[in-house]
2 protein chains.
Amino acid sequence: FIELENVQKIYGAGQAQVAALRDVTLSISTGEFVSIMGPSGSGKSTLLNLVSALDVPTSGSIRIDSVDIGTLSDDELTLFRRNKIGLVFQFFNLLPTLDAFANVLLPIQLSRRANQEDKDRTKEILREVGLEKRIHHKTTQLSGGEMQRVAIARALVQNPKLLLADEPTGNLDTKTGRDILQLLRSTCDRRGMTVVMVTHDRQAANWGHRLIQLQDGAILGTETIDPQ
Amino acid sequence: FIELENVQKIYGAGQAQVAALRDVTLSISTGEFVSIMGPSGSGKSTLLNLVSALDVPTSGSIRIDSVDIGTLSDDELTLFRRNKIGLVFQFFNLLPTLDAFANVLLPIQLSRRANQEDKDRTKEILREVGLEKRIHHKTTQLSGGEMQRVAIARALVQNPKLLLADEPTGNLDTKTGRDILQLLRSTCDRRGMTVVMVTHDRQAANWGHRLIQLQDGAILGTETIDPQ
Ligand SMILES: Nc1ncnc2c1ncn2[C@@H]1O[C@H](COP(=O)(O)OP(=O)(O)OP(=O)(O)O)[C@@H](O)[C@H]1O
Ligand SMILES: Nc1ncnc2c1ncn2[C@@H]1O[C@H](COP(=O)(O)OP(=O)(O)OP(=O)(O)O)[C@@H](O)[C@H]1O
Ligand SMILES: [Mg+2]
Ligand SMILES: [Mg+2]
């Protein structure tokens, strides 16, 4: 489903050049849940930015669902991302003036007029992440972990084929984090959604099928995770 | 050093009222390192906002270094905060157009003209948090964990009497997180700095002298942490 071939990402030039990713080759199959771990600054968020086509590699190619995303126009990329991919950013990117409900409904409203079914789905997914009592709180009236769960609900609301999540439990206590991981894994198993999750927490990584270790922009190794 | 008496914080009114803190009484002595844990939404960040006087309690009193902070004017609060307290926010609050060096130097420049010694100190503290190679990266050119470490360096640069840190290792891998906790604890022991640290990670909490558990805005219990 995802194929990276010799992907490099180099920021800056000359003296201040940083090789965030060096010659990464990787393949992830449909319905697989892959966890990515690695030290701070090792290239994890950069990898997700390239796979979601929010940034472009310096060299190498990325194919998703058999399409080389480097060949798509901006408009095609926007539609591709909107129809196939759910994104949970490391720092959420919620709209501060909207409430939780409006933030989650937003991806739907960007594609078409939301109907009653969409609104029911939005309330349902907010309930699933434990925020039934915070539906009409503005972003500024939510705690850190509550904002993170709004971001997760927004990424799932349109039943994406691919979920890219950057430290989705980083601001959650162990119990709340476990509930979220359970939701991601059961959605993956039930609907065949492919998941790529970056995390610093080994317990969280163990909810995946496979673990990839990244260091200084290169893949150190990959291992199968025994069912927990 | 810190005394909270019957502190309440209630947001909103009527139907949507939320009691973020309910009748909290707490005392923390000089040079103590206190860890605070609790589920997402239990009132941890609210507690830090009140102790740092960035928000005011609905009722109850807070004394720091024998001063009732509720009686200070805005100007007195600004000076009090700048001279005594170092703050690590849950989402950093860095200035995006400045580089790491300028973000860390900022608290000094707000009080007086920075001299060579200040600049050397700024470079030194960035080295201590492992960012000697990122000193002149702008905030937008840093990873999540690197931004977090800039925020920690900024909070420590003026050798505060009190450090308030909201999930300071939430975006760090285990090893980098341990280095930061070591730095906080050794600064606490060496200089008698009082530390109040909110965390979701029990391993991180264990670097403190005492653990306070918060739930639904109330203190569930407090326990001494055996030296690790
Ligand atoms: N301005 C506000 N208006 C209404 N409710 C608020 C406001 N700010 C915070 N809250 C609510 O107060 C509660 C406590 O928030 P707080 O940020 O202190 O939680 P927290 O313990 O830091 O959680 P987390 O671990 O998720 O960061 C939350 O349930 C939140 O929804
Ligand atoms: N625009 C940029 N210009 C220069 N360097 C950059 C830029 N963006 C990121 N970097 C560098 O690239 C490296 C990889 O960044 P990335 O955000 O992928 O790390 P990460 O693995 O997600 O780290 P963390 O766990 O701290 O979030 C970092 O060392 C960072 O300093
Ligand atoms: Mg990152
Ligand atoms: Mg918080």
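Just so it is clear, the values below take in all heavy atoms, side chains as well, and ignore hydrogens, waters and symmetry mates. Note on naming: letters A, B, ... go to the chains in the order of the sequence lines (proteins, then strands), and numbering restarts at 1 for each one.
Counting heavy atoms from C-beta on, the side chains of B:Gln90 and A:Asn171 come closer than 4.5 Å. Considering only heavy atoms from C-beta on, A:Ser143 stays 4.5 Å or farther from B:Lys44 through its side chain. Put simply, the side chain of B:Ser40 does not reach to within 4.5 Å of the side chain of A:Gln148, judged on heavy atoms. The side-chain heavy atoms of A:Thr174 and B:Arg202, taken from C-beta on, include no pair separated by under 4.5 Å.
Top candidate by heavy-atom pairs under 4.5 Å with chain B, chosen from A:Leu172, A:Asp166, A:Thr176, A:Asp201, is A:Leu172. In terms of heavy-atom pairs under 4.5 angstrom with chain B, the leader among A:Gly130, A:Gly41, A:Gly177 is A:Gly41.
Proximity to chain A is absent for every atom of B:His136, based on heavy atoms less than 4.5 angstrom apart. With a threshold of 4.5 angstrom between heavy atoms, A:Phe91 approaches chain B through side-chain atoms but not through N, CA, C or O. Heavy atoms of A:Met147 lying under 4.5 Å from chain B belong exclusively to its side chain.
Looking only at distances, no side-chain donor or acceptor of B:Asp173 sits under 3.5 Å from a matching main-chain atom of A:His200.
Counting heavy atoms of neighbouring residues, nucleotides and ligands inside a 6.0 Å radius, atom CD of B:Glu124 exceeds 12 of them. Within a 6.0 Å sphere centred on CG of A:Asp120, other residues, nucleotides and ligands contribute more than 12 heavy atoms.
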Give the intermediate values and the outcome of side-chain contact (heavy atoms from CB on, under 4.5 Å) for residues B:Arg134 and A:Val18. CA-CA 10 Å; B:Arg134 297 289 182 265; A:Val18 172; 3.8 Å; yes
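Atom OG in A:Ser45 sits 12.0 Å away from atom CG in B:Leu142 (nearest 0.5 Å).
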